[in-house]
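Following: one structure in C-alpha cells, then a few remarks.
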There are 2 protein chains.
Amino acid sequence: MPSDTLEQVLTKIDQLAQHFVTDRLAKAVEIKSVSSDLTYEGRRNVGQMTAFLVGQLSGLGANVERCPLGNQPDTNPVLELPDVVLAKYPATPDPKKRTILIYGHYDVQPEGEGWTYPKEPWKLKEINGKLYGRGSTDDKGPLLAWLNALEAYQKAGVDLPVNLLFCFEGMEESGSVGFAGFAHQNQELFSKVDAACISDNYWLTPRKPCLTYGLRGINYFTISIAQKPLPGRKPVPLHSGIYGGTVHEPMTDLTILLSKLVDSKGNILVPGINGLVDDTTREEIERYKKIDFSMEEFKNTIGSEAAIYDTAPDTLMHRGRYPSITIHGISGADSSPNQTTAIYPEVTGKFSVRTVPTMEGSVVTALVVHFLKQEFNKLGSKNTCEVREFGESAPYWVGNIDDPNFAAGKAATKRVYNTDPDMTREGGSIGVTLELQKALGTNKSIMLLPVGRSDDGAHGPDEKLDRDNYIKGSKLLGAYWWYFANP
Amino acid sequence: MPSDTLEQVLTKIDQLAQHFVTDRLAKAVEIKSVSSDLTYEGRRNVGQMTAFLVGQLSGLGANVERCPLGNQPDTNPVLELPDVVLAKYPATPDPKKRTILIYGHYDVQPEGEGWTYPKEPWKLKEINGKLYGRGSTDDKGPLLAWLNALEAYQKAGVDLPVNLLFCFEGMEESGSVGFAGFAHQNQELFSKVDAACISDNYWLTPRKPCLTYGLRGINYFTISIAQKPLPGRKPVPLHSGIYGGTVHEPMTDLTILLSKLVDSKGNILVPGINGLVDDTTREEIERYKKIDFSMEEFKNTIGSEAAIYDTAPDTLMHRGRYPSITIHGISGADSSPNQTTAIYPEVTGKFSVRTVPTMEGSVVTALVVHFLKQEFNKLGSKNTCEVREFGESAPYWVGNIDDPNFAAGKAATKRVYNTDPDMTREGGSIGVTLELQKALGTNKSIMLLPVGRSDDGAHGPDEKLDRDNYIKGSKLLGAYWWYFANP
C-alpha cells in the first residue's frame, strides 16, 4: 500500500465522489451546449456552459480568462464563436514546477434520437452504475474529472506538484472552428509548457485502460470526370436509350478509376503508397499481441461479418498503423433508388486516404493524382478527368511512448487500475492534437489519456460514462500530475 | 405531276392550312393536358382534351368511343385515368377496304421552365415559320395531322381508301399507365387491323424525313453489396478513420464490379452479350452510309466532345443496332459534395443494358447475373452481393422495312417531300409500340412515321413544330393511307 501524499488525494476523491456527480457532472449535463445549433438560443446555451466552467475554475482559485474567437463564418444570424476558456492554476505559476497543458471541450452533440436511458438526455441519470446523459463521456465527464482532481488536491491539503494550463474549447463537435487560429495566437504561451494531455477519446474495450500515442492522418480527394463541353455550352444529362453506346460516359470512366484504388481486402493499389509505410518492428508486433481486444466485441460493434482479419493484432494494426482508402460516394449521378435512365455529364467520386508514418501528405497527393491521371489516360476517353485534394487534410501523429509524459500516464494507470495500460493508436484524426502539437512545437509530448470506455456511445443515443470511470478517471488524472512531477 | 385523286387531297390540305393551325392545333395547345399533374384540376385539364378530341372526331363523322381505364393506382386524391379515345372511320367500316390502326397521345409534358418563344407555353405562337407551344410536336401536332388528313379527304370529295381505327391515349407522358391492359382487352379488335402506324417520334435531323423501323429494348439491373449483418442487427455507417482497413467496404466491392461491365469506349465486357448481337449485313452498312446525319449536329446536340465515333454510320449503328450499358448511379453512399468520411454498410448500383436483335431479355439477365456473381466471388469479400433485374424491362423491336406498310410510308414520303426517307432505328424504347405489337400479333406491321424534326425540343422549353412539318405532315399521313391502299 503506497504511503505517498497522492494516496490522500485518491482517498479524498472517493469521499467527494457524490459531490462530483451531483454538483459538477449533473449540472453540466443539464446545459444544452450544442455547438452545432446555429441559433441565438443554441449559442446562448453554449455560453451558459462557458460561464459554468469559468465559475467552477474561479471557485477553485484559478486565474481564468475568456478568449473570444470572433464571429463564426457564414452563419445567419451572425453568431459569435464560443470563447475558449484558458485558466492558470495556481493563479501565479510556480517557476520551480513544470507546467502541463490540459485540453478538453465543453460543447456536445445534439441530443439526436433513440434515447432509452433516460428519455430525457439532458438530465443525468444513474442506472446500474452508469451515468447516462448527453455529453457525459464526450467530453464533459473527462473535462470535469480534471477539476475534480484539482479540488481533491486542495481538500486533501496536498500541494499540487505541477502548474496547470487549462484550455477548454466550445466548438470541438463543430470542427473546432477558430481553434487553429487561437492556438497559433497563443503559440508563445503554449510553447512554454512542458507537456500536454488530452482526455477526449476512449479505451479500446469496456475493460482495460489505455494510453493513446498515435492517430492516422487523412488526405481527402475528389475525382471528377466530365464530358468536355463545347465552347459556351453546359452538357446536360443525356437519355441512355438515345445516346448509350455513342458517347463516353463519365460514370463508366469514374467506376473504372475508383476500382483501381483499393481491393476488397483493403490493400491499397496506388503504386508507391505502401512503400511509404514504416516497417513494423518486432517490438511493435509484440505490443499489439498484448493489447486486450476481442474480435467478438469488434464484430458486435460493427454489427456484421465484414471484418477482414481474424485476429485482434491484425485488426488493430490495420486500424492504426497501416493506411487505408475508403470510397465515400459519388455526386452528380442519380442516387435515388428509382429506375432512371440518364447518362450524367459530370460525376465526382470522393475518397480518403488514411495516412500513417511516414506518409507525408504532399507525397501521398502526388502519388494518387499521378496514378489516377495515368490510368485515366489509358482509357482513351474524350472526357476530362480532374483529381483534387479536397476539404481538410491532417497529417498522421505519433507520440513517443517512452517519454516522461507517457511514463506518468503509465504509472498513474498502474496506481489507479492496478494494470499496465494498453498502448494504442487510433485510426481517426483528432484535429486538436495536431493544432496543439504545432503550437507546442514538435519536441513537446502530447498524450491522449482516455477516461471513458469503448461502449460509452458518444454521439449516439444513451451516451453514458460509468460512475466508476468518472471517479477512477478523476483519480487517474490527479495521479498523472503527481507522477509527472515525481517520476 | 401526278394526276391521281391524292393530288386533290394534298391541294385541299394547302387550302385548309390556316384552318388546321387556328382551329385545331392552337385550340389543342391551349388545353393544359398534363397527365403528370396529379390534382383534380390537372386531371380535369386532360379530360378537357379528351372531350376536344371526341368533338373533333365526331364532327368528322367517326364512330367515337371513350374507353375508361379505371382509377390511377397510388394517387391521393383518387384520380381516374384519362380515357382512351377509340374511333372508327367510317363509322361503319367498309369490309372491302383494309384497316389501319393509328396511335397518338393527347397528353403533354408540364410546361417546365426557360421558355422564350413565347413566355406563355400554352398559347401557340408562330415565329419564323415555327409553331411554338407545349405539345405542338409531342404529340398534339402529329395527332391532329391525322384529323387534318381525314378532313382534307372529305372536303376534297375523295373517298378514303382505307378504314381507320384511331386510338388516342392520354397517359403517354406518364408511363402509359393502363394502356397495356387496355391493349390486351382490345386484342380481338386490334388483331383484325391490317397494319398500324404511330406518329410520335422525330426525324433524325432537321432536314430529312425518315421512317423508323427499330427500337432497342432495355433490361435494368441493380447490384447491391452489403455487409452481412449479425443476427438481429442492422449494420450502420462506420467511421472510416476507425474502421478503414479492417472491414470489407461495400463501395469498394461495388466500384470493382461496376468497372467490369463496360469500357470507356462503350464496349460491353460481360461475356456472351456481344455474341447475341446479329451480324451486320453489307446491305445494312450501305443503308447506314446513306442516312443523312451530321456529326457536327450530333456534337451540338450533346453539347460536348464526348462522341466516341468520328463517323455518322458508326454513331448511328451504336445508337440503334448495337447494345450498350449505362451505369446510372449509386444509392446508399453519400452523394453530397461534402467532405464526409463514412463507410456505408449497403450500397446499390443501377445500370441498364440496351438490347438489340437477338438479345432475348432472359438470356441477357442470366449472363449479367452470372458474370457479376462470378466476379464477386473472385473478390474474396465477406460482404453479400445481390444482382436483380429491376423495374420495367422492354424487348427490342424491329419492323420489316420491305413490307407493304413501310412501302406506303416510303411512297408517301417520296410524294410529299420528293425524297426517299432515311430508314432509322431508335436507341430508346417506346413501350406503346411493344404493347400494340403484342395486341396486333407479331405478323402485323407497325411503322413509326414521324412528323416533327430532330430539333423540335419535345419535353424542353420552346417546344415547336415547324408549320411546314405540320402541313406537309398532314399530307404525308394522308398520302400514307392512299399508298397503303394503292401500292
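Computed from a predicted structure; not experimentally measured. Numbered from 1 within each chain, the chains take letters A, B, ... in sequence-line order.
Interface residue Ile325(B): only backbone heavy atoms are found under 4.5 Å from chain A. No part of Thr384(B) comes within reach of chain A, as not one of its non-hydrogen atoms sits under 4.5 angstrom from that chain. In this structure, chain A has a heavy atom under 4.5 Å from the side chain of Ile218(B), while its backbone stays farther away. Residue His328(B) touches chain A through both its backbone and its side chain, counting heavy-atom pairs closer than 4.5 Å. Only the side chain of Arg354(B) comes within less than 4.5 Å of a heavy atom of chain A; its backbone N, CA, C and O stay farther away. Proximity to chain A involves both the backbone and the side chain of Leu258(B), based on heavy atoms less than 4.5 angstrom apart. Neither the backbone nor the side chain of Ser429(B) comes within contact range of chain A, judged by heavy atoms closer than 4.5 Å. With a 4.5 Å cut-off on non-hydrogen atoms, Phe298(B) touches chain A through its side chain but not through its backbone.
The shortest side-chain heavy-atom distance between Ile308(A) and Thr246(B) does not fall under the 4.5 Å cut-off. Taking the side chain as every heavy atom from C-beta outward, Gln339(B) and Thr222(A) never approach each other to under 4.5 Å. Side chains of Arg233(A) and Asn300(B) form a contact here, defined as non-hydrogen atoms less than 4.5 Å apart. Counting heavy atoms from C-beta outward, Asp263(B) and Thr252(A) have side chains that stay 4.5 Å or more apart. Two residues are said to be in side-chain contact when any heavy atoms from C-beta on lie closer than 4.5 Å; Thr255(A) and Ile327(B) meet this criterion.
Residues Asn338(A) and Phe390(B) share a closest heavy-atom pair of C-CE2, 4.0 Å. The two residues Tyr220(A) and Thr340(B) have their closest heavy-atom pair at OH-O, 2.5 Å. When every heavy atom of Tyr243(B) is checked against every heavy atom of Arg319(A), the shortest pair comes out as CE2-NH2, 3.9 Å. In plain terms, the two heavy atoms of Ile256(A) and Ser264(B) that are nearest each other are CD1-N, 4.1 Å. Among all heavy-atom pairs drawn from Ser335(A) and Ser331(B), the shortest one is O-CB, 3.1 Å. Considering every non-hydrogen atom in both Gln227(B) and Ser304(A), the closest pair reads CB-OG, 3.6 Å.
No other option in Arg216(A), Glu426(A), Lys299(A) has as many heavy-atom pairs under 4.5 Å with chain B as Arg216(A). When each of Pro231(B), Gly303(B), Ser324(B) is scored by its heavy-atom pairs under 4.5 Å with chain A, the top score falls to Gly303(B). Contact tally against chain A (heavy-atom pairs below 4.5 Å) for Gly427(B), Gly232(B), Ala306(B): the top residue is Ala306(B). When the candidates Asn267(A), Thr315(A), Leu215(A), Leu257(A) are compared by the number of heavy-atom contacts under 4.5 Å with chain B, Thr315(A) comes out ahead. With respect to chain A, the highest number of heavy-atom pairs below 4.5 Å among Ile268(B), Ile302(B), Thr301(B), Val262(B) belongs to Ile302(B). Among the candidates Met251(B), Met317(B), His239(B), the residue making the largest number of heavy-atom pairs closer than 4.5 Å to chain A is Met251(B). Highest contact tally toward chain B, considering only Ala226(A), Gly320(A), Gly266(A), Pro229(A), is held by Pro229(A) [criterion: heavy-atom pairs under 4.5 Å]. Contact count against chain A (heavy-atom pairs under 4.5 Å) is highest for Ile242(B) among Leu254(B), Ile242(B), Leu316(B). Of the residues considered (Thr348(A), Thr341(A), Asn383(A), Val347(A)), Thr341(A) shows the highest number of contacts with chain B, using heavy-atom pairs under 4.5 Å. In terms of non-hydrogen atom pairs under 4.5 Å with chain B, the most contact-rich of Leu238(A), Ile330(A), Asp253(A) is Ile330(A). Top candidate by heavy-atom pairs under 4.5 Å with chain B, chosen from Ser381(A), Ala333(A), Ser352(A), Ala342(A), is Ala342(A).
Defined by atom type and a distance below 3.5 Å, a donor-acceptor pair is missing between the side-chain atoms of Ser240(A) and Thr326(B). A donor and an acceptor atom, one from each side chain of Lys350(B) and Ser336(A), are located under 3.5 Å apart.
Within 6.0 Å of the CD atom in Gln374(A), the count of heavy atoms belonging to other residues, nucleotides or ligands exceeds 12. For NZ of Lys228(B), the number of neighbouring non-hydrogen atoms (other residues, nucleotides, ligands) closer than 6.0 Å is 12 at most. A 6.0 Å sphere centred on CG of Asp74(A) holds no more than 12 heavy atoms belonging to other residues, nucleotides or ligands. With a 6.0 Å radius and a threshold of 12 heavy atoms from other residues, nucleotides or ligands, Lys373(A) has its NZ atom above the threshold.
For Lys382(A) and Asp310(B), the salt-bridge test passes: some basic side-chain N is under 4.0 Å from an acidic carboxylate O.
Judged by distance alone, with hydrogens and angles left aside, the side-chain atoms of Tyr344(B) form no donor-acceptor pair with the main-chain N or O of Gly329(A) at under 3.5 Å.
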